[in-house]
Amino acid sequence: MASFTLHGIPISRGIAIGRAHLLRPAALDVQHYLVAQEQVEAEVMRLHNAIAQVHKELQAIWSDLPQDAPTELGAFLDVHALILSDPMISEAPLDIIRTRHYNAEWALLTQIDVLSAQFDEIEDDYLRERKADIQQVAERVLKVLTGSAGSLPRSDGIDERSANMIVVARDISPADMMQFRDAAFHGFVTDEGGQNSHTAIVSRSLGIPAVVGTGNAAKLIEQDDWLIIDSDAGVVIVAPSPLVLEQYRDRQAVLLKARKKLARLKKTPAVTLDGTEITMLANIELPDHAVAALEAGASGVGLFRSEFLFMGRSGHVHKLPTEEEQFEAYRSAVHAMKGRPVTIRTLDVGGDKPLTTAEQNILNPALGLRAIRYCLAEPQIFLTQLRAILRASAHGPVQILIPMMAHAFEIEQSLAMIEQAKAELAGEGKKFDAEVPVGAMIEVPAAALSLPLFVRKLDFLSIGTNDLIQYTLAIDRADHEVAHLYNDIHPAILQLLHMTVTAADKAGIPVAICGGMAGDIRLTRLLIGMGFRELSMPPALLPEIKQEILNADLGILQPYIKKILRSYDPEVIQETVAELAAVGR
């Protein structure tokens with residue numbers, strides 16, 4: 001077979017070498033036939049039982065999640081369980097069986113097609129993500145109905161032909177990712193997906209080399225083909241020549257050796273060669289993840305995504321978490337960090353983070369009622385959360401971070417709500433830190449362009465680069481068709497970052513980066529050279545970024561930084577960023 005190369009979106013780092021294992025969509029195995037009237041209820045029960053079995057599978061996966069499982073995975077599993085419980089999935093296909101006499105698989109696919117068509121009519125990043133989740137849930141049910149194989153070879157007793165399998169699929173659901181932990185699995189390639197899809201998030205958390213958004217890999221690659229994944233370059237080499245295979249094996253060995261050395265840096269302070277200290281922080285989603293942050297050597301939690309306490313609350317009758325539940329979660333994270341600061345972001349729902357409850361069904365587009373807009377529109381929910389955060393501040397250093405602020409009245413109203421929460425707690429005799437710092441996320445261009453509004457009223461700033469890039473460049477970051485336009489070193493982005501760190505320094509308040517750029521080693525020297533002294537990222541990325549900081553000299557970096565900030569030519573910026581990453585090596 002002749003060798004060829006596929007190009008996609010790189011979502012993690014590293015090299016994987018192995019044989020292709022194709023995951024065939026269960027939908028391709030579906031038969032379409034009509035059932036007799038006397039068999040209709042039996043067919044209804046067959047679909048009902050399949051849905052119930054998938055519920056049990058999701059619950060079993062959720063219950064068995066190890067402590068080192070990807071932090072977002074539990075929330076994704078809950079979201080899939082909620083989708084499975086939705087009447088549009090759990091009941092509508094049953095009605096199709098009864099009225100049209102379709103077999104169970106055909107009825108389910110018919111309903112999924114209807115829902116998918118409705119989503120296709122709306123250009124919205126959250127709804128597109130929702131469509132993918134619905135299709136993944138339906139895929140699990142179809143696999144039960146058809147008995148199609150969806151498992152991977154186990155790591156026990158494998159031979160060369162099954163060793164180091166690389167999964168190739170149209171898409172992979174977060175739940176399916178868990179079976180890979182115990183399988184002979186070393187990488188994956190998908191036709192769909194983007195930098196910030198669920199698949200990408202889980203891949204980065206697991207540290208698995210992967211390339212997504214290839215478009216047609218599942219059609220071009222055949223079972224057992226030898227593959228090389230170069231996830232740094234976003235390249236998949238199919239049927240490589242012996243010479244190319246040898247070159248990549250050598251590169252892979254060097255990378256594995258370097259990774260082992262990184263583990264020794266856990267207790268080493270992140271200080272540049274010229275003596276500048278950088279604070280390394282961790283992003284977490286649930287209180288239990290604070291333990292992993294501490295183990296990775298984090299100096300604190302730079303971003304506690306509190307919305308994961310609200311999402312997919314199966315087993316809680318889909319009610320919002322009470323003040324007491326939230327307080328216990330926040331206090332648990334504070335205790336786990338042992339005196340290190342914990343920055344808790346208030347409820348950020350909308351966009352790619354759905355919040356579905358029995359009382360409400362919030363389907364917020366990225367430009368709609370989300371984050372602080374939603375909290376101010378639902379003051380009782382906001383007040384309850386603020387009370388819980390403030391109560392946790394009595395047990396250790398806590399900071400309150402408000403997402404997506406862009407207007408002066410949002411700052412004023414948020415601070416007023418915090419004061420109201422303090423007054424209520426004081427009146428009830430409950431302890432809290434009266435001086436708890438309050439900050440804003442800079443993720444809307446309007447905020448970066450009106451920083452005097454923020455630095456006068458707030459104690460710190462934190463830049464969410466993912467949304468800042470999305471909103472500045474008008475790019476749906478979940479859409480693989482425009483993913484190539486997502487550019488974190490676009491001159492507009494760099495100017496907004498420079499404006500923010502300059503304004504914060506002038507006002508004498510801290511500014512952190514907690515978005516994806518903070519965990520991208522290719523940009524570490526750029527960020528610290530621009531003046532950022534706090535970086536927050538997934539715990540697994542801390543050692544690699546720390547090593548880059550230890551090898552950097554800010555004095556040497558400055559001429560490159562000045563050249564980058566003076567230029568608006570994308571090619572000049574890209575070349576200079578590459579030079580910056582290589583200088584002194």
Side-chain angles (χ1 to χ4, degrees), residues 12-13 65-76 201-207 259 262-271 277-309 326-346 348 389 392-393 395-401 403 436-437 439 441 460 462-466 510 512-521 524 527 532-550:
S12 57
R13 295 178 60 80
L65 285 178
Q67 288 189 345
D68 63 342
T71 54
E72 296 89 349
L73 192 50
F76 293 159
I201 293 170
V202 175
S203 168
R204 283 192 290 268
S205 299
L206 288 173
R259 187 172 296 177
L262 289 177
R264 305 172 189 170
L265 299 178
K266 175 183 172 181
K267 296 183 180 180
T268 303
V271 180
E277 184 171 357
I278 308 297
T279 302
M280 305 286 291
L281 304 168
N283 298 340
I284 67 171
E285 283 69 40
L286 294 170
D288 292 347
H289 303 149
V291 177
L294 202 61
E295 281 296 312
S299 298
V301 171
L303 178 63
F304 184 156
R305 296 185 173 102
S306 67
E307 58 272 11
F308 282 83
L309 300 174
Q326 292 186 62
F327 164 63
E328 291 295 342
Y330 303 143
R331 182 177 64 174
S332 176
V334 170
H335 281 167
M337 292 309 294
K338 299 179 179 178
R340 296 165 178 82
V342 176
T343 300
I344 302 173
R345 182 174 68 187
T346 57
D348 184 5
I389 295 173
S393 71
H395 297 268
V398 166
Q399 298 189 132
I400 299 174
L401 180 60
V436 61
M441 287 201 74
F460 68 97
S462 187
I463 302 176
T465 55
N466 297 352
I513 285 192
C514 62
M517 289 179 71
D520 189 338
I521 194 170
T524 301
L527 295 177
F532 291 99
R533 299 294 177 260
E534 294 185 12
L535 303 178
S536 191
M537 66 203 71
L541 301 178
L542 284 165
E544 186 178 33
I545 301 298
K546 181 183 287 187
Q547 184 183 53
E548 187 71 1
I549 291 169
L550 293 172

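Below, all heavy atoms of this structure are taken into account, side chains as well, without hydrogens, waters or symmetry copies. All values reported here derive from a predicted model rather than from experimental measurement. Throughout, residue positions are numbered sequentially from 1 according to the sequence presented.
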* Asked: If you measure from CD on Gln326 to OG on Ser306, what distance do you get to the nearest 0.5 Å?
  -> 7.0 Å
* Asked: Got a second to check how far Ile545's CD1 is from Met537's CE, nearest 0.5 Å?
  -> 5.0 Å
* What pair of heavy atoms forms the shortest contact from Ala292 to Pro539, and how long is it? -> O-CB, 4.1 Å
* Structure fact -> For Ile400 and Phe460 the tightest heavy-atom approach is O-CZ, 3.5 Å
* Structure fact -> Here the gap from Arg345 atom CZ to Cys514 atom SG, rounded to the nearest 0.5 Å, amounts to 7.0 Å
* To do: Examine distances only and state if a side-chain atom of Ser393 and a backbone atom of Val436 form a donor-acceptor pair shorter than 3.5 Å.
  => no
* Flag side-chain contact, heavy atom, 4.5 Å: Met280 against Ile549 -> yes
* **Side chain proximity check, Arg340 to Val301, heavy atoms < 4.5 angstrom** => no
* Start with the C-alpha gap between Ile389 and Thr346, add the side-chain angles, then the distance that decides, and say whether side chain to side chain contact (heavy atoms under 4.5 Å, CB included) holds. => CA-CA 9 Å; Ile389 295 173; Thr346 57; 4.2 Å; yes
* Verify, without hydrogens or angle tests, whether Ser299 (side chain) and Leu281 (backbone) share a donor-acceptor contact under 3.5 angstrom. => no
* Asked: Would a 4.5 Å heavy-atom cut-off, applied to side chains only, mark Leu401 and Met441 as touching?
  -> yes
* Asked: Is it true that a side-chain atom of Lys546 and a backbone atom of Leu265 form a donor plus acceptor pair closer than 3.5 Å?
  -> yes
* For Asn466 and Gly515, indicate whether the former's side chain and the latter's backbone hold a donor-acceptor pair under 3.5 Å. => no
* Asked: How about Tyr330 and Ile344: do any of their side-chain heavy atoms sit closer than 4.5 Å?
  -> yes
* Structure fact -> Contacts of Asp520 meeting side-chain hydrogen bond (donor to acceptor under 3.5 Å, both in side chains) (sequence neighbours excluded), chain-then-number -> Arg522
* Just how far is it from atom OG1 of Thr268 to atom CD of Gln547, taken to the nearest 0.5 Å? -> 10.5 Å
* Verdict with reasoning, Asp348 to Arg305, per side chain to side chain contact (heavy atoms under 4.5 Å, CB included) -> CA-CA 8 Å; Asp348 184 5; Arg305 296 185 173 102; over 6 Å; no
* Where is the tightest heavy-atom contact between Ala518 and Ser536, given as atom of each residue plus distance? -> CB-O, 3.3 Å
* To do: Taking the side chain as every heavy atom from C-beta outward, state whether Thr343 and Leu303 have any pair of such atoms under 4.5 Å apart.
  => no
* From Leu535 CG over to Ile513 CD1, what is the distance, rounded to the nearest 0.5 angstrom? -> 6.5 Å
* Structure fact -> On a heavy-atom basis, the closest approach of Ala329 and Phe304 is O-CE1, 4.4 Å
* Structure fact -> For Leu541 and Gly519 the tightest heavy-atom approach is CD1-O, 3.6 Å
* Determine the interplanar angle of the His395 and Phe327 rings, folded into 0 to 90°, and report it as parallel if under 30°, tilted if 30 to 60°, perpendicular if over 60°. => tilted
* Within a strict 4.5 Å, meaning less than it, do heavy atoms of the Thr279 and Arg533 side chains meet? -> no
* Structure fact -> Lys338 and Leu294 have their tightest heavy-atom pair at CD-CD2, 3.9 Å
* Worked check of side chain to side chain contact (heavy atoms under 4.5 Å, CB included) between Glu548 and Glu544 -> CA-CA 7 Å; Glu548 187 71 1; Glu544 186 178 33; over 6 Å; no
